[in-house]
Amino acid sequence: MKKWFLLCCIGVSWNLLGIILPPGVEVPPEAIAQWNQRFGEDYNLDTGIQAREFLLSALKRQPELPFRAVLHKADPFNPDADVFFHYQPRPDGDAWKRAEVRKSGKAIEVYIQSSSAQYGTIEGKTGRIGEVLLLSACDWRYEPIPAMELSMAKFTREERTYQDRPCWLITVTICYLNDKEMILQTGFPIEAASDKKSILNTRYPIRRVFVIDRDTGFIYARRQYARNGKLVAAVELRQVDTGTSIDPELFAVSESLPEGFLTRDHFRQATRTIAYPSRPGFLTSAASRTGQVIASWNEWFWRNSNTFSMISGGVAVALLLLVAVHRYRERRR
């Protein structure tokens, strides 16, 4: 089948691009029929190749392009808020990121990725966080397409205008010959193909749509659809600015919480329970002194725990002896 597919590609390329096949080489009718079954008779291979190369180049370039943008309803913790995103690549291959969660024009939460770690700030309290998924919200735009799916994909493109910019709307559709091939390539059980509620039919991406600037290659939006046509994932950048330099001070961090946090959720919960302000003050000093006293008392107690055990044991024995003597005297009376 692979040989037929290769010969089919050669034959279609010959028809569309004017490539002359070597003498004696003919494309088997079965291969042409299989090509038509997979991609359709009206598929323009020339346009498809151009769309494919443009998309793959854009996916590769995205980490190198600085930008400011707004994401609408991108934060699951604040679904009605907008996220103002700043992205600045670094010469060492790393990137600085800043995500401001805003409601009514006010930043209620700020998250920063610097060269060293990720941080969060809520109500003046700043702490280090192990992972903030919100800082990766824009990265999904250029997530690679699996190589096996690329070999079975049909690429189409349309001219579009997005934010007054000329763009390509590129659609990548995975074209399986039949359910058997789809099951073989995706790894789902055979019954998943006929089950309308299976993950294969309702969640697994079969079609991807990209909105890409024709001049800069910047990806403004990406959407993925399942086999049943349902939208399963999407990201869209609005108010995009790729020409203005970003102030490095936006990525500066000053920690005020000494402890680290595993996730953003842990950090958000902690900022609601911490009563003392971020800067040193009376409450901070009082809490610190109280903690030192308690810690010192605990340390002293455990250091002398053996002595306490001996004393308490001796007291218990003495009490038992007193009780025994008292009962003995009662019986003698």
Side-chain angles (χ1 to χ4, degrees), residues 62-63 65-90 95-142 160-165 167 211-213 216 218-223 231 233-257 260-261 263-279 281 283:
Q62 293 312 295
L65 304 177
F67 68 90
R68 304 169 185 260
V70 177
L71 290 82
H72 185 54
K73 295 184 178 180
D75 184 10
F77 291 105
N78 303 281
D80 298 328
D82 288 332
V83 179
F84 286 69
F85 203 90
H86 303 74
Y87 178 88
Q88 179 65 56
R90 304 296 300 159
W96 289 350
K97 303 176 185 178
R98 179 184 176 97
E100 300 177 8
V101 183
R102 295 187 185 182
K103 282 186 177 181
S104 302
K106 179 182 178 182
I108 58 175
E109 299 179 28
V110 177
Y111 298 95
I112 293 175
Q113 175 178 305
S114 65
S115 300
S116 58
Q118 296 182 351
Y119 301 88
T121 299
I122 298 178
E123 297 181 353
K125 305 180 184 72
T126 300
R128 180 178 298 200
I129 308 174
E131 183 178 17
V132 180
L133 295 179
L134 185 61
L135 289 170
S136 301
C138 297
D139 297 352
W140 181 73
R141 293 175 304 125
Y142 53 89
R160 291 291 174 87
T161 300
Y162 184 87
Q163 295 187 13
D164 298 326
R165 293 288 303 171
C167 295
V211 179
I212 309 176
D213 192 295
T216 66
F218 187 87
I219 299 177
Y220 293 106
R222 175 175 181 164
R223 304 180 185 91
L231 178 66
V235 60
E236 180 177 358
L237 306 187
R238 304 180 181 182
Q239 302 177 31
V240 177
D241 181 2
T242 58
T244 305
S245 60
I246 303 176
D247 186 358
E249 288 298 319
L250 288 174
F251 307 99
V253 177
S254 178
E255 289 185 72
S256 59
L257 302 181
F261 304 91
T263 66
R264 177 190 174 190
D265 189 28
H266 295 154
F267 172 71
R268 296 178 80 249
Q269 294 178 15
T271 55
R272 292 186 177 90
T273 58
I274 296 174
Y276 56 87
S278 57
R279 295 183 178 181
L283 292 178

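All of these numbers come straight from a predicted model, not from anything done at the bench.
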#### Entry: Within-4.5 Å side-chain heavy-atom neighbours: R68 and I246
yes
### Summary
Heavy atoms of V235 and A137 approach each other most closely as CG2-O, 3.7 Å
### Query
Can you tell me how far CZ of F261 sits from NE2 of H266, rounded to the nearest 0.5 angstrom?
10.5 Å
#### Entry: Worked verdict on R264 versus L133 for side-chain contact (heavy atoms from CB on, under 4.5 Å)
CA-CA 8 Å; R264 177 190 174 190; L133 295 179; over 6 Å; no
### Close side-chain approach of E109 and N78, heavy atoms under 4.5 Å
yes
### Query
Which atom pair, heavy atoms only, marks the closest approach of I219 to I212?
CG1-CG1, 4.0 Å
## Note on the structure
For Y119 and S116 the tightest heavy-atom approach is OH-OG, 3.4 Å
### Summary
For A69 and V240, the nearest pair of non-hydrogen atoms, with its separation, is CB-CG2, 4.1 Å
### Query
Is the closest side-chain heavy-atom distance between Q88 and R98 below 4.5 Å?
no
### Message
Please find the pair of heavy atoms, one from K103 and one from A81, that lie closest to each other, and give the distance.
### Response
CG-CB, 3.7 Å
### Message
Counting C-beta onward and ignoring hydrogens, is there a side-chain heavy-atom pair between T242 and L65 closer than 4.5 Å?
### Response
no
### Query
Does the side-chain contact (heavy atoms from CB on, under 4.5 Å) test come out yes or no for R223 and L231, once each step is laid out?
CA-CA 7 Å; R223 304 180 185 91; L231 178 66; 3.8 Å; yes
### Interatomic distance, Q113 atom CD to L134 atom CG [nearest 0.5 angstrom]
11.5 Å
### Over all atoms of both residues, closest heavy-atom pair of L135 and K97
O-CD, 3.1 Å
### Query
For the atom pair OH (Y220) and CZ (R165), what is the distance rounded to the nearest 0.5 Å?
5.5 Å
### Message
For L237, is there any backbone N or O sitting under 3.5 Å from a side-chain donor or acceptor partner on Q163?
### Response
yes
### Message
Please determine whether salt bridge (charged side-chain N to carboxylate O under 4.0 Å, His left out) holds for the pair D82 and R238, giving the CA-CA distance in whole Å, both sets of side-chain angles, and the decisive distance to 0.1 Å.
### Response
CA-CA 10 Å; D82 288 332; R238 304 180 181 182; over 6 Å; no
### Query
Between atom NZ of K73 and atom CD of E236, what is the distance when rounded to the nearest 0.5 Å?
12.5 Å
### Task
Determine whether Q118 and Y111 make a side-chain contact, defined as any pair of heavy atoms from C-beta on separated by less than 4.5 Å.
no
### Query
Is there a donor-acceptor pair closer than 3.5 Å between any side-chain N or O of Y87 and the backbone N or O of P63?
yes
### Message
How long is the straight-line distance from CD1 of I112 back to CH2 of W96, given to the nearest 0.5 Å?
### Response
10.5 Å
### Message
Could you check whether any side-chain N or O of Q62 sits under 3.5 Å from a backbone N or O of R141, counting only pairs where one atom can act as donor and the other as acceptor?
### Response
no
### Query
Are any of the side-chain heavy atoms of F267 and I122 separated by less than 4.5 Å?
yes
#### Entry: Gap between atom CG of D80 and atom CG of D75 - 0.5 Å precision
10.5 Å
